[in-house]
Number of protein chains: 2
Amino acid sequence: MGRRRQAVTIRHVAADAGVSLQTVSRVIHNEPNVRAELRERVQAAIDKLGYVPSIAAQRMSGSRSYLILAINDRDRTIADWRARQGTDWVDQMLLGGMLECAAHGYRMIFELVDTHSAHVERELLAAIAALQPDGVILTPPHSDDPHIVEVLARQHIPFARIGSLGAGGGFSLTMDDAGAARTATLHLAGLGHRRIGFIAGSPEYALSTWRVEGWRAAMAEAGLATEGLLAEGDFSYASGEQAARALLEGEEPPTAIIASSDQMTLATLETARRMGLEVPRQLSLVSFDNTPIVRFTQPPLTAVDQPIAEISARAVDLLIAAKKAGEDAVPAAPVVVPAGLVERQSTAPPPGHA
Amino acid sequence: MGRRRQAVTIRHVAADAGVSLQTVSRVIHNEPNVRAELRERVQAAIDKLGYVPSIAAQRMSGSRSYLILAINDRDRTIADWRARQGTDWVDQMLLGGMLECAAHGYRMIFELVDTHSAHVERELLAAIAALQPDGVILTPPHSDDPHIVEVLARQHIPFARIGSLGAGGGFSLTMDDAGAARTATLHLAGLGHRRIGFIAGSPEYALSTWRVEGWRAAMAEAGLATEGLLAEGDFSYASGEQAARALLEGEEPPTAIIASSDQMTLATLETARRMGLEVPRQLSLVSFDNTPIVRFTQPPLTAVDQPIAEISARAVDLLIAAKKAGEDAVPAAPVVVPAGLVERQSTAPPPGHA
DNA sequence: GTGAAAGCGCTAACAT
DNA sequence: ATGTTAGCGCTTTCAC
């Protein structure tokens, strides 16, 4: 192979334009202290030669690496990928972030890190040492992992924590899970439902709790009781099945159920079907996530849409801004990208309602 | 922010182990000419200090960048992402390639490049100059773009061409599209179908043609005529609708249709429903792609499964091997990762068949 | 087998 | 406003 050198370097541009390296560098970075005339001359040389700075070299000289590291939970990501259930979290996260990166001359690198492992810290440090990213994006459950947060804070790398409100460094972004749960609950209450069940997600995720709280608050607001209407799942289909059964086989079953993930809602739908309950005539359903499959079920599901792509893009944007402005120029308060409720055909007034 | 230096460099390791930088480098790369004792000492220092080489520095000194660039068509990828139809091409491609990269200490970077643009070449060169990847993965339709292929060949960067058989550099990987179409056709013929229609994909993709050829050959093999049984689409839902109508509204409509993408098959299913044709009793359907949605349609679709993740992983593997062994150590013949046929409930014997 | 020296492409700090 | 200098962390000669 032989050592492949950069085809055209800053040196070629400098020679061509008849200026110093530093001037070229200034032009590249739009820095002041360059006469318009020179700037133009340099730019012309850059265009002519097709010069593009090497990010390796840029990183070497202590400036930015132009890399944003997006970290996801290994097990869950691989499981979703293998299952091919249409979960498009990775897709949304990657594209949303990637396009925003591209707009700023950055790249996004996806990395999987174990959750339940003693190596978490080492894995993360290895990725950071190897890549020297300018920013890191954490997703649940890593967003709330104290080890990870601490490592990043100690390294002084700007980082975003999606789906977290915890303290300890970096900045947070949420889709206002409580508000979303509230909206879903009030939507059902507005249709006349009085017994609205809720299937919670894994307690390992902070947002699971927020959603439950949002539901609880909305129920209180509507003057409805919540007793016997909460079941706990872990986002998976199997857990949804169990939770749905617990809810529907009770003495006073709910007439509507909100489940904290599409998989759990799918399980609830199937459970209802097996029990001879027609959706939405006899049971209304609202899902969380709004992954592609919910449009293909019978009936298509009303769902809270997680704006992952947008959150990812926002995170990138803020990270890059933070890098430019100095380490602590990150939002102090959590950034909220509100979720929307997409109404489809799984919700209707309860049986016997006018 | 201040210039962030590498926390622990090769120098620290060398000092800690009491050896030269060079010896550490040799240990890292498993090179010969190091006594076992020294090797151990160095390794111990590496572990102790948690040293991980900076890929920027590695790249700078002319060795590998440990980066593989995966290039996809911008328009199609963004359209798929926005549409949220459950197309998991990106997911499969990324995870498959990424995990293989990780196994070799590499990273995969995703990049979108325009197809129909005068800038293709410049976009690509910019990405290469910035990243200096050790290998590039091309997907259709870029795999057959002579400009791109030529640029890569000229730069002496090993590259993989997925879904291509064209010459001009790099190496090819396919899922044996002709064979897959043949399998699908014979499956239907075996059920007793004699009029098996085929909806082709965009002619811009070489594999579209291969699939048609596979179908044609299989039809001949089974002694069946193909006249009036071929319609052309472009992989999209809309085009599938048109093609399905053309096929089904003819004088002698097919009793089975193979469509070159899930979207087109979905469109065919819907068209059949509107015409009052029951699937699979009156019309059998076989799809291409096997994205998640085909399991959620009524009925679930029998489909040719595109082993994207595996192809992506193979491409990475071969690229890395090529880099190690020298530029031309790439497969001369196309690498075939055969597609499978996943039988579901959209195929049955034709009406009036014993 | 091991080490020392040179330099990759770029930028920060310091001249001028 | 522009140029010069000194590395960044690593690998590649080449010497021993």
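Per chain, numbering begins at 1; letters A, B, ... match sequence-line order.
- D:dT2 atom C1' lies 13 Å from atom CZ of A:Arg39, rounded to whole Å.
- In this structure, of D:dT2, C:dT11, C:dA4, it is C:dA4 that holds the atom nearest to the side chain of B:Ser20.
- Looking at every heavy atom in both residues, B:Leu319 comes nearest to B:Phe171 through CD1-CE2, 3.4 Å.
- Among the nucleotides C:dC10, D:dG9, C:dG3, the one closest to any side-chain atom of B:Ser54 is D:dG9.
- Between B:Ser25 and D:dT11, a side-chain N or O to OP1/OP2 separation shorter than 4.0 Å is present.
- Distance from the side chain of A:Ser61 is smallest for C:dG9 among the nucleotides D:dC10, C:dG9, C:dG1.
- For A:Arg154, the CZ atom is densely surrounded, since the number of other residues' heavy atoms within 6.0 Å is greater than 12.
- Comparing B:Ala56 and B:Glu31 by the nucleotide of DNA chain D that holds the closest heavy atom to each, the one mapping nearer the 5' end is B:Ala56.
- In this model, a side-chain donor or acceptor of B:Arg26 finds a partner on the base of C:dG3 within 3.5 Å.
- A salt bridge does not link A:Glu310 with A:Arg314: every distance from a Lys NZ or Arg NE/NH1/NH2 to an Asp or Glu carboxylate oxygen is 4.0 Å or more.
- Across the protein-nucleic acid pair, B:Tyr51 atom OH and D:dT11 atom C1' stand 10 Å apart, rounded to whole Å.
- A:Thr23 has a side-chain polar atom (N or O) that falls below the 4.0 Å cut-off from OP1 or OP2 of D:dG3.
- Aromatic ring orientation, A:His29 versus A:Tyr66: parallel (interplanar angle below 30°, classes split at 30° and 60°).
- A:Arg11 places its CZ atom 13 Å from the P atom of D:dT5, with the value rounded to the nearest Å.
- Rounded to a whole Å, the CD atom of B:Gln22 is 8 Å from the P atom of D:dT12.
- Look at CD1 on B:Ile55: it is 13 Å from C1' on D:dG9, rounded to the nearest Å.
- For the pair A:Arg41 CZ and D:dG3 C1', the computed distance is 14 Å after rounding to whole Å.
- Contact annotation: A:Arg35 side-chain N/O to D:dT2 OP1/OP2 distance is under 4.0 Å.
- Counting non-hydrogen atoms under 4.0 angstrom, A:Pro32 reaches nothing in the nucleic acid.
- Going from atom CD1 of B:Ile10 over to atom P of D:dC10 covers 5 Å, rounded to whole Å.
- A distance of 9.0 Å separates CG of A:Leu138 from CG of A:Leu69, quoted to the nearest 0.5 Å.
- Between B:Leu21 atom CG and D:dC8 atom P there is a gap of 12 Å when expressed in whole angstrom units.
- Distances were taken from every side-chain heavy atom of B:Thr9 (C-beta onward) to each of C:dG9, C:dT11, D:dC10; the shortest belongs to D:dC10.
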